[in-house]
Amino acid sequence: MYCYIYDIFTNQKKYEKQLSKLGFLLADLGIAGKVYRLNVLKNLEMVIEEAIAEGAKTIVAVGNDQTVSKVVNLIMEKNLPLGIIPLGDNCLLANSFGIKTMEEAVKILAARKVEWLDVGKIDDQYFLLAIESNDSNIIFCLDDYNINPRKNNEAVGIYNINISNYDFTSNPRDGRLEAVFAPKQLSWWQRLGKKENKQTERISVFPIKELTLNHQKKPIAINVDRQRTIKTPAKVEVLKGKLKVITGKNI
Amino acid sequence: MFGKNQNMETGDSGVDTIVGPSVSVEGNFKGDGNIIIEGEVRGSLKTKGYLKASEGSVIVANVVAADAEIAGQLSGNIKVKNTLDVKATAVIQGDIEAAVINVAGGAIINGNLKMKSETGEKSNNQEEGENK
């Protein structure tokens, strides 16, 4: 049975038409299931427990990145496949799985291409995409070595799926995360002094399985999946093939 | 910042690790794949793959690699299973061991050279000095 979890913000009047269209599309493709609407009295945890008790075989998050991220954190231990129907703003997660629109999402659900994907874990929270920070004083501590940003570094990130515009390859099936350090862009006068007139310097990329994030001076908040934060120090690891996701493309 | 559209030119196929100019690695760094160094590495550096240390790189470490190309500064001993290419801009302070060594004019090497082949071992324990 498909269980559709509509996030609380979808109760707004502006989504009425889209949700009614969604109902038709799901029925049309024969994948209509039970709909659970979140509200102030019914939180996500309660809804997922209820859905599982009623025999849910697939959990579909209807909403934005925040919806998907919250659902992932609750179904990780349940061994249920996750479907995504993007609605509202900030649907980067859905887009990175090849799901651009609601209509497309319904077709992808019906096709049911399930993939086992790696999931990142930071302390006791899970992430699907990335951890990012624009603070240049974060140190990555691994078992045998440390990676320290130098003064010319601008941002750091740990990626399961490359959602940045930096040119590196990430594969959410390889059991590794990519730790990335991005230097500041050179100004025009700095470029004059260089032999090659390149606008940017090369990023650093380290394939990693486990590390601890520390800050050189104080605990700071780092961004998880671009929609919540967690404070340093934090332990990061990858869980290989831990989540079943219904996707629309080879990620 | 992340999210900006930048052309970072890092799409080197077959490269697993890139130590760019904005980071410094300290400790015993070990990799299975190919490594490019443009920044700083201190401690020890080992890889079963190819190591490329570009001009501007600073390595203060003992290095072990299958193949290597050195164009930056290396303070420490280097052991290469197959071929070591020492570029004109390289400054190596330490002993070198490799099956094949190519040294470009202008490179500076201060240390012992030791070469191994399948038929035996050729040893050249003389200090090289500047190779200009």
Side-chain angles (χ1 to χ4, degrees), chain A residues 92 129-136 138-159 162-169 171 174 176 178-186 194-196 198-209 211 222-223 226, chain B residues 1-64 71-72 76 87-89:
Chain A
L92 194 64
L129 299 176
I131 298 167
E132 295 168 319
S133 172
N134 289 333
D135 192 296
S136 57
I138 294 177
I139 303 171
F140 289 12
C141 302
L142 289 95
D143 279 348
D144 296 325
Y145 62 94
N146 293 346
I147 310 168
N148 307 299
R150 294 162 86 181
K151 279 183 182 168
N152 59 337
N153 199 71
E154 186 173 57
V156 296
I158 299 175
Y159 293 88
N162 183 7
I163 49 168
S164 72
N165 288 322
Y166 298 118
D167 186 12
F168 68 93
T169 309
N171 178 358
D174 64 359
R176 301 190 310 188
E178 270 68 40
V180 173
F181 290 76
K184 286 174 188 162
Q185 284 191 54
L186 300 176
K194 294 263 173 186
K195 277 182 193 169
E196 296 167 56
K198 53 184 180 181
Q199 193 175 356
T200 52
E201 291 193 294
R202 196 195 287 269
I203 59 167
S204 301
V205 183
F206 298 83
I208 56 120
K209 288 185 175 172
L211 58 76
I222 46 177
N223 200 306
R226 292 196 179 168
Chain B
M1 283 166 64
F2 280 98
K4 284 189 292 203
N5 192 11
Q6 297 185 22
N7 177 16
M8 288 291 186
E9 298 175 8
T10 53
D12 309 75
S13 59
V15 175
D16 292 306
T17 306
I18 302 167
V19 181
S22 69
V23 297
S24 159
V25 174
E26 283 177 25
N28 303 317
F29 184 80
K30 202 174 168 185
D32 290 329
N34 301 330
I35 300 175
I36 293 178
I37 313 274
E38 292 187 347
E40 217 175 81
V41 178
R42 291 177 187 274
S44 71
L45 174 57
K46 267 186 189 179
T47 179
K48 290 176 187 165
Y50 180 76
L51 169 74
K52 180 181 176 180
S54 307
E55 189 182 352
S57 64
V58 177
I59 302 174
V60 183
N62 289 329
V63 177
V64 177
K87 298 293 182 190
T89 51

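Any value given below was found using the heavy atoms of this structure, including those in side chains, with hydrogens, waters and symmetry copies removed. Here is how names work: the chains are called A, B, and so on, in the same order as the sequence lines, proteins then strands, and each is numbered from 1.
- Considering CZ of Phe206(A) and CG of Asp16(B), their distance stands at 12.0 Å, rounded to 0.5 Å.
- Most heavy-atom pairs under 4.5 Å with chain B: of the set Ile147(A), Asn152(A), Leu142(A), this distinction falls to Asn152(A).
- When the heavy atoms of residues 21-29 of chain B are compared with those of chain A, the residues falling under 4.5 Å are Pro21(B), Ser22(B), Val23(B), Ser24(B), Val25(B), Glu26(B), Gly27(B), Asn28(B), Phe29(B), listed by number.
- Contact count versus chain B (heavy atoms, under 4.5 Å) is highest, among Ile139(A), Asn146(A), Thr169(A), for Asn146(A).
- Remark: Asp174(A) engages Arg176(A) in a salt bridge (Lys or Arg N to Asp or Glu O under 4.0 Å) (not counting sequence neighbours).
- For Asn162(A), the side-chain hydrogen bond (donor to acceptor under 3.5 Å, both in side chains) criterion is met by Ser164(A), not counting sequence neighbours.
- Residue pairs meeting the salt bridge (charged side-chain N to carboxylate O under 4.0 Å, His left out) criterion with at least one partner in residues 39-48 of chain B, sequence neighbours excluded, are Arg150(A)-Glu40(B), Asp32(B)-Lys48(B), Glu40(B)-Arg42(B).
- Lys30(B) is not listed as a side-chain neighbour of Asp144(A), based on a closest heavy-atom distance of 4.5 Å or more.
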